[in-house]
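Working notes, structure below.
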Amino acid sequence: MQNKNKITSMLSLIIAGEAIFLLPFILMRVFKPVIREAFLITDAQIGEAQALYGITAVISYFFGGFIADKWEAKKLLTLSLGLTALGGMWMLLIPSITGLKFLYAFWGVSTILLFWAALIKATRQWGNENNQGLSFGLLDGGRGFFAATTALSGAAILSFFFPKSGTITLEDKITTLQYIIGVITIIVIAVAVFVWFSLPKTEVQPEGKKEFQFDFKKALLLIIQPKVIFHSLIIFCAYCAYKLTGTYGTYAKDVWNYSLEEATYFAVFIQYLRPIAAISIGWVADKFIPSRLIIPCFTVLVIMSSILGFIGNVPFYVSFTTFVFMAFGTYALRGLYFAIIEETKTPIQLTGTLVGIISVIGFTPDIFMSLFIGYMLGENPTITEYQNLFSYFSIIPIVGLLATIGFKKTSIRL
């Protein structure tokens, strides 16, 4: 019975952990070529909208950490999912670029403030100190599988509604996109209901017990610990790489001359690499020390981004393989960068606070990365614009390598 409850708990965390981001992120990452044309917007304008998400999200990360240490995850996750689904209903109306910007600012609060730190804390509690790699690998790998399957369903809608021959009109694109948004919104609502009924009730530690009282002094001490700073930088660099995966589908369309459908299915294929990478690397990490495996992941990103950025117009099979390796390295990092929390020796009752602190720095790419990508690519990107993007990006995993070495050499004394 206990094992069944554990499986149900992890399933709830996995599904909730990705459903919350289907509308603000997965929708744009997989269907960006269609969204650009249905909303009549550019990559730069998309970047501006997502930058507003990043600003409100970064503020929410910090305060969300304190909230996660005071209220149970079940209520926080369910409320967040419900609020995010309301945003999906607004997006169905295909708002103007101004409306889209307000929507992303709202999602920055609805998806993070009550959700993110609570999710990470619940995942850490699910596993013990010896299987943090597996627990976080299952979380991100399962999230990836759920996201990819949802995206595949959306791609099927795309194929069904797009005309088999002749010109695809703006009306075709808008109608099809509305069906996709509608389906995803319904999924988010269904997940909110599922989480409410399936995630076990957790006891909030009583305030009267001294050992569970929130210690602001210790919380402030966390901020200046070297290992926390390095941990934040690791997440920062890995998350930049994750944000870059949103260009894989548009690269296929703009450089390989894929159709909208072909580019979408390529983006879905990339999504399916996420569960393979995250779960396998999480399992391996528990045999070693998770932070050791982060180094080869960043090394792969340095090499692959340099190929795309500096070598030039490489053959199709080379660029395709390069994207596969980049995706694998990126998704492996996602399965590892919270698994190393156990290496910081942070008390469990401060987990939410720690997640809030490292997330403020680690997820700032939500503010600038999409904006940076949009302005680097411009309105009609060619191979030259993509080369410039990947060459500049190659600096980031180098910083990640240095941060990982620093993380391994430092220790926290609480």
Side-chain angles (χ1 to χ4, degrees), residues 16-29 32 35 39 41 43-71 73 75-121 143 147 181 184-185 188 191-192 223 232 235-236 238-240 242-244 246 334 338 352-375:
E18 197 58 28
I20 196 76
F21 297 116
L22 288 176
L23 287 163
F25 285 125
I26 301 303
L27 182 68
M28 188 65 73
R29 184 168 295 117
K32 190 176 183 180
I35 292 173
F39 276 81
I41 53 179
D43 284 284
Q45 289 173 314
I46 292 171
E48 291 168 359
Q50 293 186 324
L52 288 173
Y53 174 98
I55 292 171
T56 56
V58 164
I59 297 170
S60 298
Y61 278 122
F62 184 76
F63 291 104
F66 301 123
I67 293 172
D69 286 331
K70 291 181 176 291
W71 285 280
K75 294 178 181 177
L76 296 176
L77 301 187
T78 303
L79 181 57
S80 294
L81 287 161
L83 291 173
T84 301
L86 287 176
M89 295 176 189
W90 168 250
M91 194 178 189
L92 270 171
L93 303 177
I94 312 294
S96 66
I97 182 60
T98 301
L100 196 64
K101 289 178 180 179
F102 277 114
L103 175 58
Y104 268 87
F106 167 76
W107 274 337
V109 177
S110 73
T111 61
I112 302 300
L113 182 62
L114 306 179
F115 190 91
W116 184 247
L119 175 73
I120 300 304
K121 182 176 181 179
R143 288 175 60 195
I181 296 169
I184 292 176
T185 300
V188 176
V191 171
I223 299 175
S232 301
I235 295 176
F236 174 91
Y239 197 59
C240 283
Y242 181 64
K243 297 290 285 185
L244 193 69
R334 285 182 61 85
F338 278 116
T353 303
L354 176 64
V355 170
I357 291 169
I358 61 179
S359 294
V360 168
I361 298 173
F363 294 111
T364 51
D366 274 333
I367 297 177
F368 69 85
M369 195 63 184
S370 294
L371 199 60
F372 168 69
I373 290 170
Y375 283 110

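Computed from a predicted structure; not experimentally measured.
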Interatomic spacing from OG in Ser80 to CG in Leu113 - rounded to 0.5 Å
7.5 Å
Are Met91 and Phe39 close enough that some pair of their side-chain heavy atoms sits under 4.5 Å apart?
yes
Using every non-hydrogen atom in the two residues, find where Gly362 and Pro365 come nearest and quote the distance to one decimal.
O-CD, 3.3 Å
Quick one, Phe21 with Ile112, criterion side-chain contact (heavy atoms from CB on, under 4.5 Å). Give me CA distance, side-chain angles, the key distance, then yes/no.
CA-CA 10 Å; Phe21 297 116; Ile112 302 300; 4.0 Å; yes
Does some side-chain heavy atom of Val58 sit less than 4.5 Å from a side-chain heavy atom of Asp366?
no
So NZ of Lys243 and CD of Gln50: to nearest 0.5 Å the spacing works out to 4.5 Å
Can you see which heavy atom on Leu371 is nearest to which on Ala44, and at what distance?
CD1-O, 4.1 Å
Identified ring-ring contact (aromatic ring centres under 6.0 Å, His included) counterpart of Phe25 within the set Tyr242, Tyr53, Tyr104
Tyr53
Taking the six-membered ring for Trp, are Phe363 and Tyr61 parallel (under 30°), tilted (30 to 60°) or perpendicular (over 60°)?
parallel
How close do Ala118 and Leu76 get, heavy atom to heavy atom, and via which atoms?
CB-CD1, 3.9 Å
Would you find a donor on one side and an acceptor on the other, under 3.5 Å apart, between the side chain of Trp116 and the backbone of Thr111?
no
Ignoring hydrogens, what is the shortest heavy-atom contact between Ile367 and Ile55? Give both atom names and the distance.
CG1-N, 3.4 Å
Between CD1 on residue Ile181 and CG on residue Leu22, distance to nearest 0.5 Å
12.5 Å
If I take atom CE from residue Met89 and atom CG from residue Leu103, how far apart are they, to the nearest 0.5 angstrom?
12.5 Å
Distance check, rounded to the nearest 0.5 Å: Ile358 atom CD1 versus Ile235 atom CD1?
4.0 Å
With heavy-atom distances below 4.5 Å as the criterion, would you say the side chains of Tyr375 and Glu48 are in contact?
yes
The reported gap from CH2 in Trp107 to CG in Leu52 (rounded to nearest 0.5 angstrom) is 13.0 Å
Scanning both residues in full, the closest heavy-atom pair of Val188 with Ala85 reads CG1-CB, 3.9 Å
Report the C-alpha separation of Asp43 and Ile373 in whole Å, then their side-chain angles, then the decisive distance to 0.1 Å, and conclude whether the side-chain contact (heavy atoms from CB on, under 4.5 Å) test is met.
CA-CA 8 Å; Asp43 284 284; Ile373 290 170; 5.6 Å; no
Looking at Ile361, is its backbone amide N or carbonyl O close enough to the side chain of Thr364 to form a donor-acceptor pair, meaning the two atoms are under 3.5 Å apart?
yes
Phe102 and Trp90 aromatic centres sub-6.0 Å:
no
Show, in sequence, the C-alpha distance, side-chain angles and deciding distance for Phe115 and Leu77, and conclude whether the side-chain contact (heavy atoms from CB on, under 4.5 Å) test is met.
CA-CA 5 Å; Phe115 190 91; Leu77 301 187; 3.4 Å; yes
Could you go through the side-chain contact (heavy atoms from CB on, under 4.5 Å) check for Phe106 and Thr56 one step at a time?
CA-CA 8 Å; Phe106 167 76; Thr56 56; over 6 Å; no
